[in-house]
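Written below as structure tokens is the structure these notes are about.
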Amino acid sequence: MAKMIRVFCENNQSTHYFPLGTSLSEMALQSEIAPDNQTILGAMVNNEVHELSYEIYKPKNIFLLTYQHSYGKQMYIRSLTMVLYKAIKDSFPLLRLKVEHSISKGLYCELTGPAMDKDMHREVVMQIKHRMQEIIQEDYPITRDEVETSEAIQIFKDLGLNDKVKLLSSRTHLYSSVYQLDDIRDYYYGPLVPSTGFLKVFDLIPYYHGMLLIFPKTENPMELEDIVIQPKMFEIFQEHKDWVEILEVPTVGELNAMVESKKISELIKVAEALQEKKLASIADQIHEHKHPIRAIFVSGPSSSGKTTFTKRLAIQLRVLGYRPLQISLDNYFVEREKTPRDEHGEYDFETPDALDIRLFSNQMRDLLDGKPVIMPRFSFTNGSRYFVDKELQMEERSILIIEGIHALNPLLSDFIDSREQFKVYVSAFTQLNLDLHNRIPTTDNRLIRRMVRDSLYRGYSALDTLSRWPSVRRGEDRYIFPFQEQADVMFNTALIFELSVLKWYAQPLLEQVPRNVSVYAEAKRLMKFLSYFQAIPDHDIPATSILREFLEGSSFEY
């Protein structure tokens, strides 16, 4: 009789016993375990994400992952990307896939290779989509082999995938994963679904000079996401695509090569100069605006570098003769006991209702009318507001710079004529990919920034930051992202080298996250992600760098 292994299913808090070596896919077939009417894509086993091929040999806790869970969705998207790659190789073997960035609720991709007529663009994309549908209908298995990294490097060298060769060559891991779909082999830094038949809901459409891969809605995986046209967001991504070409560092493999060749100091200087040039350009736009600008609104999600951007913009405006007054919306939080609570009963610091909008608007009107104002300050430690003795008053050539996550929300700008406003949206739009098929989500960049800053300046552990992050992300989706296209200009605060610097600080913090908490899965994912980067010290980072907002050594006061 086969030995039975105890398995506790966290989805419905039930205990089950299975024969030694039972796979997750076999467990997922059990009606008493599987969530009702939902396709199981993978599972968390003792707070680590695994594919359904994973076999159980010891007592475990499992949590089955559907598309509604972020890890399930990531598995779906990665797997669909591999199907796209195969469809391109089958239909147009001379073209190469480059996954660019997330936009318009989809994944923007481009094809490189022999130039095609513009009139052929739509036909090419439609042929690729048709081939994807065939591959999914045929339900090809997707398998993973663990091979020595030297063997994986040789496999990808033989396939001409030099971006993967460079990435794996700079890693110190003994083994690496190689995924196979029919005759296609590829590398992905996270688990995939068992077969192509799991990926029935998708779309592929022509988008600008590339194509947009569209996924199911999170809340209803049988329906496709509604496309949201984001021309300004697309423009900023394209601008920084040009910057990547200037810097000659499109992927992490190339970045690591620059670290090893001792050229990273020059790269840092050029990257910082590009940001400063853009900052000066924004100041010039404000100065040359057809209507005199009296208030600049700077918004962006958590850890986007809004504060340092605001301080550096103020310097550029001073060069043009202005006298900027910097206002932080963080100082207008209501008293802690008056803070709204979210659906989980926790304080909701992400909603605009957490701000004293009436006080803010009245004070801004007084400032614009030339009246002196005693400004509030907010203590995050005590959760209370207090007022400073020093008065603030506008003078000739004064201009307000108002910074905060809700600064683009119309609720915060009704005190001033729209013709006298200038709106800036800033975020860390990560400029490089791991390789041509593995993009780096901008949220990962910001999360790592926040984790380091929380530790250095707020005394929070990585566990604290990771536990809070889902609430932060919900707030961004509800209250920040809907207004981003209203900006007059967007600014990318990401620096192409920064994850190599942040690795020094973030990795020890992540290692302290205990294994018996659910966010351990996220900590482990981020540790693996950072393992691709060669760490670099921060001594070449200027004291005025946006990155210094999250490290020590800034010349600005925060």
Side-chain angles (χ1 to χ4, degrees), residues 68-71 73-74 102-105 217-219 225-226 228 230 233 297-307 309-310 327-357 360 378 380 383 385 402-413 423-430 441-454 457-458 460 462-487 490-491 493-494 518-519 522 526 549-550:
Q68 279 94 339
H69 194 284
S70 61
Y71 294 143
K73 186 172 183 177
Q74 290 167 15
S102 177
I103 194 168
S104 300
K105 294 197 173 183
K217 293 180 178 178
T218 303
E219 64 278 7
E225 281 282 12
D226 300 316
V228 178
Q230 298 175 298
M233 184 72 74
F297 295 85
V298 179
S299 176
S302 173
S303 304
S304 56
K306 297 181 294 296
T307 304
F309 168 84
T310 298
I327 310 293
S328 172
L329 288 174
D330 283 356
N331 288 320
Y332 287 90
F333 274 110
V334 298
E335 300 287 330
R336 184 66 45 82
E337 63 270 15
K338 296 181 181 178
T339 302
R341 293 182 182 270
D342 61 19
E343 60 269 30
H344 304 290
E346 302 292 333
Y347 285 122
D348 187 355
F349 300 110
E350 316 306 325
T351 172
D353 295 331
L355 299 177
D356 190 338
I357 297 176
F360 168 76
F378 189 83
F380 288 93
R385 186 169 60 204
I402 298 160
E403 171 259 316
I405 62 174
H406 299 297
L408 295 191
N409 190 316
L411 291 171
L412 277 296
S413 58
K423 297 181 177 181
V424 185
Y425 181 82
V426 304
S427 192
F429 303 113
T430 313
T442 59
T443 51
D444 281 357
N445 200 149
R446 293 191 292 108
L447 173 54
I448 292 169
R449 281 180 171 186
R450 178 166 172 145
M451 189 186 311
V452 172
R453 184 186 62 189
D454 281 355
Y457 296 107
R458 299 178 182 177
Y460 295 161
L463 174 59
D464 295 328
T465 304
L466 292 173
S467 299
R468 179 67 187 163
W469 189 244
S471 175
V472 173
R473 292 285 293 110
R474 285 194 299 271
E476 293 170 353
D477 288 337
R478 292 173 184 172
Y479 307 121
I480 302 175
F481 296 156
F483 302 107
Q484 58 192 10
E485 283 291 322
Q486 296 181 12
M490 291 187 177
F491 182 85
T493 66
S518 61
V519 296
E522 186 70 350
L526 291 173
E549 182 175 330
F550 308 96

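For this chain, numbers begin at 1 and follow the sequence in order. Treat the numbers as computed from the prediction; the structure is a model and nothing was measured. These numbers come from the heavy atoms of this one structure, side chains and all, not from hydrogens, waters or symmetry mates.
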| field | Side-chain heavy atoms of Gln484 within contact of Ser427, under 4.5 Å | value | no
| Does a side chain donor of either Thr493 or Arg449 reach within less than 3.5 Å of an acceptor in the other side chain? | yes
| query | Between Arg478 and Glu343, does at least one N-O distance fall below 4.0 Å, as a salt bridge requires? | reply | yes
| message | Could you check whether any side-chain N or O of Lys73 sits under 3.5 Å from a backbone N or O of Lys217, counting only pairs where one atom can act as donor and the other as acceptor? | response | no
| Are the side chains of Phe429 and Met233 in touch, meaning some heavy atoms are under 4.5 Å apart? | yes
| said: What's the separation between atom CZ in Phe309 and atom CD in Glu403, rounded to the nearest 0.5 Å? | reply: 10.5 Å
| query | Does any non-hydrogen side-chain atom of Arg458 lie less than 4.5 Å from one of Asp464? | reply | no
| query | Do Val519 and Trp469 have side chains that get closer than 4.5 Å, going by heavy atoms? | reply | no
| query | Which atoms form the tightest heavy-atom contact between Tyr347 and Arg336, and what is the distance? | reply | CE2-O, 3.3 Å
| query | Under the 3.5 angstrom rule, does the side chain of His344 hit a backbone N or O of Glu346 as a donor-acceptor pair? | reply | no
| Separation of Asn409 CG from Leu355 CG (nearest 0.5 Å) | 9.5 Å
| task | For Leu329 and Leu412, run side chain to side chain contact (heavy atoms under 4.5 Å, CB included): C-alpha distance rounded to whole Å, both residues' side-chain angles, the deciding distance at 0.1 Å, then the answer. | result | CA-CA 10 Å; Leu329 288 174; Leu412 277 296; 3.9 Å; yes
| field | Rounded distance [0.5 Å steps], CZ in Phe550 versus CE in Met451 | value | 13.0 Å
| query | With distance as the sole criterion, is a donor-acceptor pair present between the side chains of Glu485 and Tyr425 under 3.5 Å? | reply | no
| Value rounded to 0.5 Å, distance of CG in Leu408 from CZ in Phe481 | 12.0 Å
| message | Just so I know, are the side chains of Ile480 and Ser299 near enough to count as touching, which here means a heavy-atom distance under 4.5 Å? | response | yes
| message | Angle between ring planes, His406 versus Tyr479, binned at 30° and 60°: parallel, tilted or perpendicular? | response | perpendicular
| note | Heavy-atom nearest pair, Ser467 first then Pro470, reads O-CD, 3.5 Å
| request: Could you grab the distance from atom OG1 of Thr442 to atom CD1 of Ile103, nearest 0.5 Å is fine? | output: 11.0 Å
| query | Could Glu350 and Arg468 be called an ion pair, given the rule that one side-chain N must be under 4.0 Å from one carboxylate O? | reply | yes
| Distance, nearest 0.5 Å, that separates CG of Asp454 from OG1 of Thr465 | 3.5 Å
| task | Return yes when atom OH of Tyr460 has more than 12 non-hydrogen atoms of other residues, nucleotides or ligands closer than 6.0 Å, and no otherwise. | result | no
| field | Distance-minimising heavy-atom pair for Ala407 and Val298 | value | CB-O, 3.3 Å
| request: Considering non-hydrogen atoms only, spot the tightest contact between Asp226 and Lys105 and give its length. | output: O-CD, 3.5 Å
| Nearest heavy-atom neighbours spanning Thr339 and Ala354 | CG2-CB, 4.4 Å
| task | Could you tell me whether the side chain of Ile405 reaches within less than 4.5 Å of the side chain of Lys306, counting heavy atoms only? | result | yes
| task | Work out which heavy atom in Ser303 is nearest to a heavy atom in Arg446; give both atom names and the distance. | result | CB-O, 3.4 Å
| query | What pairs with Phe380 under side chain to side chain contact (heavy atoms under 4.5 Å, CB included), at least two apart in sequence or on another chain? | reply | Asp330, Phe333, Phe378
| message | Is any side-chain heavy atom of Leu447 closer than 4.5 Å to one of Leu466? | response | yes
| request: State plainly whether the residues Arg385 and Asp356 are in salt-bridge range, i.e. N to O under 4.0 Å. | output: yes
| query | Any donor and acceptor pair, going by atom type alone, linking the side chain of Ser104 with main-chain N or O of Val228 inside 3.5 Å? | reply | yes
